[in-house]
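Down below is the structure, laid out as structure tokens.
In what follows, chains carry the letters A, B, and so on, assigned in the order in which the sequence lines appear, proteins first and then strands, with residues in each chain numbered from 1.
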Amino acid sequence: MQNELKIYNTLNRETSIFKPLHKDYVGMYVCGPTVYSNAHLGNARTYVSFDIIYRYLLHLGYKVRYVRNITDAGHLEGDRDEGDDKFAKKAKLEQVEPMEIVQRYTIDFHEVLQQFNTLPPSIEPTATGHIIEQIEMTKKILANGYAYESNGSIYFDVEKFSSEHHYTILSNRNIEELLNNTRELDGQDEKKGRLDFALWIKAKPEHIMRWQSPWGEGFPGWHLECSAMSSKYLGNEFDIHGGGMDLIPTHHTNEIAQNLACHHTQPAKYWIHTNMLTVNGQKMSKSLGNSFLPSELFSGNHPLLDKGYSPMTVRFFMLQAHYRSTLDFRNDALQAAEKGLERLMNGIQMLEKLKSSDSSSFSVQDIKDKVYKAMNEDFNTPIALAHLFDATRLINLVNDGKEQISETDLSDLQSFMNHFVFNVLGLKPEISNTGMLTEELMQVIIGIRSAAKSKKDFETSDFIRDQLKNIGIEIKDSKEGTYYKIG
RNA sequence: GGUCCUGUGGCCGAGAGGCUAGGCAAGGCUCUGCAAAAGCUUCUACAGCGGUUCGAAUCCGCUCGGGACCUCCA
């Protein structure tokens with residue numbers, strides 16, 4: 001099963017069988033957030049997508065080292081390589097220390113990802129914790145002749161690099177066009193070429209976040225940190241490098257260039273890129289001002305939403321689309337996901353109560369094979385889910401006595417469904433946080449109502465039901481008994 | 001302006017030459033004191049035009065929509 005996993009690789013735009021560099025081990029680096037503001041839902045989608053990839057690799061038995069950085073310095077506004085970085089800017093705005101900004105939004109990021117039930121990475125390095133490594137790398141790139149100093153800053157020489165290497169291998173862009181693109185350049189005297197980017201930036205006097213370097217006080221360029229940290233924790237060559245698609249043309253392109261210029265190796269064997277989350281057909285982004293905060297989504301406190309949706313509904317919603325497709329975010333679609341998730345979860349609950357027969361009228365192995373096949377096709381979660389829904393239908397049919405399942409098949413299906421849905425897809429049952437007292441009180445009330453019902457005192461039973469409904473508690477009678485739902 | 005991607009039923013979304021995706025919604029049925037829920041089941045599709053092919057949603061061309069990147073972005 002393991003050897004059948006296929007991954008789409010941005011490097012050659014082909015889907016091919018995944019072969020790790022070292023048998024049974026996988027090194028995976030994913031570009032993390034720049035923590036200068038709240039994580040929005042688009043950010044969350046990327047990390048949920050890589051969470052699925054991480055979980056599935058673990059499920060296949062790989063020992064995975066998953067490194068995801070926190071960018072807490074050096075990320076410039078624009079590519080002008082001048083002025084304040086994002087942290088200093090925000091810090092000024094909010095009148096706090098830059099590291100307070102970093103702290104606040106790092107915590108926010110972790111909280112958001114936890115709500116979406118993503119597993120933490122193995123290592124989560126920060127840019128500020130790896131200044132020395134970045135300086136060392138800059139030195140090497142300088143020594144190798146792919147960078148130059150200009151007014152206390154160090155720039156990567158793209159033109160020189162591209163004469164020897166395929167600079168645009170990831171983006172598949174035409175380098176000549178990029179170089180000749182007559183887009184407006186405002187005050188770029190320091191750089192030789194318009195594509196050149198900063199490895200190290202000289203700090204202005206008012207700049208707070210600054211470090212001592214051979215070239216004076218300054219701070220590192222954004223692209224360098226990922227190169228430095230991935231090399232440090234995963235080696236010069238590792239298996240998977242991931243991130244959002246929007247990182248392809250600049251950030252990842254430059255990362256590859258830096259690694260080649262420094263170590264003479266292409267860092268990752270497989271480059272995986274996730275697609276964007278859109279709102280009404282447009283990319284969700286901070287600059288467009290159409291981003292959703294997860295908290296707004298959970299509470300429903302947003303003009304585009306009718307109501308709030310739980311983190312698991314949103315996670316499920318994301319899984320219903322392939323990670324390389326754009327996913328359009330809208331109220332109706334969330335509503336549909338909420339119902340769909342409920343159906344799947346009900347199926348899993350039902351599975352526990354199923355009675356087995358002497359033989360099975362359908363093949364459990366067949367279901368499992370189809371689900372694995374889908375996941376092996378570049379982590380195709382929508383198809384995997386489709387087959388899990390087929391399984392759900394069969395579970396319900398067994399319950400209705402229209403299909404049969406043997407004892408061994410039943411326990412096989414139980415462990416498979418539970419493991420796959422909870423551990424691989426990372427869904428979890430939503431626990432109502434009403435507490436034990438509410439639960440006990442509800443059981444008392446339901447008991448009274450059931451007693452009235454059995455005496456055919458429907459006036460009383462309906463009265464209880466109506467009163468509860470008024471305070472937002474719904475009573476539902478089913479064959480298995482009466483249960484309630486809050487909200 | 002340049003480069004590239006994309007257009008699937010009421011909605012979201014898979015598929016990528018012949019074989020039903022799936023979920024939601026809608027209709028029917030079952031269960032039920034009633035209601036709700038739940039379950040089963042049915043239906044509706046491949047932007048338009050032309051071409052290749054025995055056969056196209058899937059390949060090619062054109063037209064018309066939508067989007068991304070070329071600036072920071074997950």
Is a side-chain donor-acceptor pair under 3.5 Å present for S227(A) with Q258(A)? yes
Using atom [atom1] of [X] as one end and atom [atom2] of [N] as the other, report the distance to the nearest whole Å.
X: F316(A); N: rG22(B); atom1: CZ; atom2: P; value: 14 Å
X: N290(A); N: rA68(B); atom1: CG; atom2: C1'; value: 14 Å
X: Y167(A); N: rC70(B); atom1: OH; atom2: P; value: 12 Å
X: D390(A); N: rG23(B); atom1: CG; atom2: P; value: 7 Å
X: I248(A); N: rC4(B); atom1: CD1; atom2: C1'; value: 11 Å
X: M284(A); N: rA68(B); atom1: CE; atom2: C1'; value: 16 Å
X: N174(A); N: rG2(B); atom1: CG; atom2: P; value: 14 Å
X: L388(A); N: rA21(B); atom1: CG; atom2: C1'; value: 13 Å

5' to 3', nucleotides 34-40 of chain B under a 4.0 Å protein heavy-atom cut-off (B base, S sugar-phosphate only, - none) gives BBBSSSS
Gap in Å between the two [atom1] atoms, one belonging to [N] and one to [M], rounded:
N: rA74(B); M: rU6(B); atom1: P; answer: 24 Å
N: rU20(B); M: rA57(B); atom1: C1'; answer: 15 Å
N: rU8(B); M: rG15(B); atom1: P; answer: 14 Å
N: rG23(B); M: rG55(B); atom1: C1'; answer: 31 Å
N: rG9(B); M: rG61(B); atom1: P; answer: 24 Å
N: rG10(B); M: rC43(B); atom1: P; answer: 16 Å
N: rG50(B); M: rU42(B); atom1: P; answer: 35 Å
N: rG13(B); M: rC54(B); atom1: P; answer: 37 Å

Results of salt bridge (Lys or Arg N to Asp or Glu O under 4.0 Å) for [X] - residues two or more places apart only:
X: D409(A); value: none
X: K307(A); value: E338(A)
X: D306(A); value: none

Report the residue (F389(A) or G281(A)) whose heavy-atom-nearest nucleotide on RNA chain B is the more 5′ of the two. F389(A)
Let me know, please, whether G340(A) or K370(A) comes out on the 5' side of the other along RNA chain B by nearest nucleotide. K370(A)
Applying side chain to side chain contact (heavy atoms under 4.5 Å, CB included), can you list everything that pairs with A321(A), at least two apart in sequence or on another chain? R45(A), L327(A)
Applying side chain to side chain contact (heavy atoms under 4.5 Å, CB included) to T168(A) and not counting sequence neighbours gives H166(A), S171(A), R173(A), I175(A), L178(A)
H40(A) meets the side-chain hydrogen bond (donor to acceptor under 3.5 Å, both in side chains) criterion, sequence neighbours left out, with N43(A)
What pairs with T46(A) under side-chain hydrogen bond (donor to acceptor under 3.5 Å, both in side chains), at least two apart in sequence or on another chain? T274(A)
May I have the list of side-chain donor-acceptor pairs in residues 460-473 of chain A shorter than 3.5 Å, sequence neighbours left out?
unit_1, atom_1, unit_2, atom_2, d
T460(A), OG1, D457(A), OD1, 3.1
T460(A), OG1, D457(A), OD2, 2.5
S461(A), OG, F458(A), O, 3.1

Can you give me every donor-acceptor pair (side chain of residues 113-124 of chain A, partner residue at least two apart or in another chain, under 3.5 Å) with its distance?
unit_1, atom_1, unit_2, atom_2, d
N117(A), ND2, G426(A), O, 2.8
T118(A), OG1, L113(A), O, 3.0
S122(A), OG, Y66(A), N, 2.7
S122(A), OG, Y66(A), O, 3.4
E124(A), OE1, H110(A), NE2, 2.6
E124(A), OE2, R68(A), NH2, 3.2
E124(A), OE2, H110(A), NE2, 3.2

Contact check, side chains of I17(A) and E4(A), non-hydrogen atoms, under 4.5 Å: no
Salt bridge or not for D51(A) and R55(A), using N-O below 4.0 Å? yes
Looking at E459(A), I'd like to know if its CD atom is crowded, meaning that more than 12 non-hydrogen atoms belonging to other residues, nucleotides or ligands lie closer than 6.0 Å. no
Taking Watson-Crick (N1-N3 plus N6-O4 or O6-N4) and G-U wobble (N1-O2, O6-N3), each under 3.5 Å, can you produce the dot-bracket string of RNA chain B? Use [ ] for crossing pairs and | for inter-strand ones. (((((((..(((.....[...))).(((((.......)))))....(((((..]....))))))))))))....
So, F458(A) and rG33(B): ring centres less than 5.5 Å apart, planes less than 30° off, yes or no? yes
Between rA74(B), rG23(B), rC72(B), which nucleotide gets closest to the side-chain atoms of N43(A)? rA74(B)
Select one nucleotide: of rC69(B), rG22(B), rA68(B), the one nearest the side-chain heavy atoms of Q282(A). rA68(B)
Describe the nucleic acid contact of G42(A) in one word from base, sugar-phosphate, nothing, applying a heavy-atom distance below 4.0 Å. base
S285(A) near the nucleic acid: base, sugar-phosphate alone, or nothing, with a heavy-atom cut-off under 4.0 Å? base
Using nucleotides 10-15 of chain B, report all nitrogen or oxygen pairs with the protein that are shorter than 3.5 Å.
unit_1, atom_1, unit_2, atom_2, d
rG13(B), OP1, D328(A), N, 2.8
rG13(B), O2', Q320(A), O, 3.1
rA14(B), OP1, H322(A), N, 2.9
rA14(B), OP1, S325(A), OG, 2.9
rG15(B), OP1, N380(A), ND2, 3.1

